[in-house]
There are 2 protein chains.
Amino acid sequence: MRTEISPVEVEQRVEHFKEAVRRAGVKLTHQRLEIFREVAGSVDHPSADSLFEALKTRLPMLSLDTVYRTLWLLHDLGLVSTLGPRRESVRFDANPLPHHHYICVRCGLARDFESSELNMLHIPALVSDFGSIDATHVEVHGVCKRCLAEPEAETKTRH
Amino acid sequence: MRTEISPVEVEQRVEHFKEAVRRAGVKLTHQRLEIFREVAGSVDHPSADSLFEALKTRLPMLSLDTVYRTLWLLHDLGLVSTLGPRRESVRFDANPLPHHHYICVRCGLARDFESSELNMLHIPALVSDFGSIDATHVEVHGVCKRCLAEPEAETKTRH
DNA sequence: CTGACTGCAAACCCTTTGCAGACCG
DNA sequence: CGGTCTGCAAAGGGTTTGCAGTCAG
């Protein structure tokens, strides 16, 4: 339920990031460092654009596409994840019953599953500090069978 | 864990749709009917475009923007929901600890919360039929305090 | 020094919108 | 018939990419 991240913790994460960068053999640029510091210090799951805006003062020469490239790099390094299934297009759900989702992180496949047990989760009371609670569901992420079978499956490079 | 929807059930949903359309006082066009039939009969949470492709044979004159308009209409009627936070931009998450999300369905605000109890959910065994299970988290949807406070909050019209 | 990285601008999607004609009620 | 709805085409907004100059290692 934290609403901010302590500077100390941000710097710990930054160290972890530096190590990961070194291990991956990619360059540690000023931009990458500051962009990482910014995501790591934010608690609101920012978009590329809002990070860009926040960084403008510190890095006046920064360009938005560098923010994108860096975020996907961080993603490939396993340092950040994305919110929601994907980045592609909106997807629609016409299932009127309470249900949960299985999402393939590789191809975006989505499937429903039911579980009366999961329909009655106990949500921490503090969550209602954020606002009303209208619906709750479980999201399971994995790699679907089809993607697991694909030979070039491990090619994590994109962008 | 169903992998398809029976024609009978689709038609039941179609009836429900017709009623909702009548109640809302909007017109029941051929396109709307077929588009609804298509989402209601699909289990893979299609995008507007894949619905469009699937409908092309039945409705050669259909245009993609009608699919979009209809889907958002269905959304406003409460007949379909969307997968994931929203449609705008990708959002990034740099929280390395296991955590869960609170999402405001109105403005997209996202916040983390922790719960050791929710970190150990029991996922139905059948889910692994879909593929590997790499991560599991709970998503709570609601309306955040700020949005609740806004006067023009009930204006559901968009698009 | 040299290849990886950045900034810029243009290209790319996916999605929305303005408008004139079509059709439901 | 009238107003809503559709199809078309063009605009919009977020994201990606090609290129030449720049900088980390």
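Only a predicted model underlies this, so the values are computations on that prediction, with no experimental measurement involved. Here is how names work: the chains are called A, B, and so on, in the same order as the sequence lines, proteins then strands, and each is numbered from 1.
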Just to confirm, is there a sub-4.0 Å distance from OP1 or OP2 of [N] to any side-chain nitrogen or oxygen of [X]?
X       : N      : result
A:Ser47 : D:dG14 : no
B:Gln31 : D:dG7  : yes
A:Ser63 : C:dG7  : yes
A:Thr29 : C:dA4  : no

What is the distance, to the nearest angstrom, from the [atom1] atom on [X] to the [atom2] atom on [N]?
X       : N      : atom1 : atom2 : answer
A:Leu71 : C:dT6  : CG    : C1'   : 15 Å
A:Met61 : D:dG21 : CE    : P     : 17 Å
B:Leu51 : C:dC14 : CG    : P     : 14 Å
A:Leu55 : C:dT6  : CG    : C1'   : 15 Å
B:Arg32 : C:dA22 : CZ    : P     : 18 Å
A:Leu73 : C:dA4  : CG    : P     : 14 Å
A:Phe52 : D:dG13 : CZ    : P     : 16 Å
B:Leu33 : D:dC5  : CG    : P     : 15 Å

(message) If you define the side chain from C-beta out and look only at heavy atoms, does anything of A:Leu83 sit under 4.5 Å from B:His101?
(response)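 Yes, side chains in contact.
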
(message) Taking the side chain as everything from C-beta on, heavy atoms only, tell me whether B:Asn95 gets closer than 4.5 Å to A:Arg13.
(response)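 Answer yes - side chains close enough.
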
Please tell me whether [X] and [Y] have a donor and an acceptor in their side chains that are separated by less than 3.5 angstrom.
X        : Y        : result
A:Glu117 : B:His122 : yes
B:Asp134 : B:Ser132 : yes
B:Asn119 : B:His137 : no

(request) Give the nucleotide from the list C:dG7, D:dG14, D:dA9 with an atom nearest to the side chain of B:Ser89. (result)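 It is D:dG14.
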
(request) When you get a sec, tell me which of D:dT4, C:dT16, D:dG7 is the closest nucleotide to the side chain of B:Leu62? (result)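 Between D:dT4, C:dT16, D:dG7, the one nearest the side chain of B:Leu62 would be D:dG7.
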
(request) Give one of base, sugar-phosphate or nothing for B:Leu64, where a contact means two heavy atoms less than 4.0 Å apart. (result)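 Here B:Leu64 touches the bases of the nucleic acid.
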
(message) Categorize B:Arg69 for me: base, sugar-phosphate, or nothing, with a 4.0 angstrom heavy-atom threshold over every strand shown.
(response)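 The answer is base, as B:Arg69 lies within the cut-off (heavy atoms under 4.0 Å) of a base atom.
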
(message) Can you tell me whether the side chain of A:Asp65 and the base of C:dA9 have a donor-acceptor pair closer than 3.5 Å?
(response)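 Result: at least one qualifying N/O pair found.
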
(request) Identify, between B:Ala48 and B:Val21, the residue whose nearest nucleotide on DNA chain C lies closer to the 5' end. (result)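 Its nearest nucleotide lies further toward 5', so the answer is B:Ala48.
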
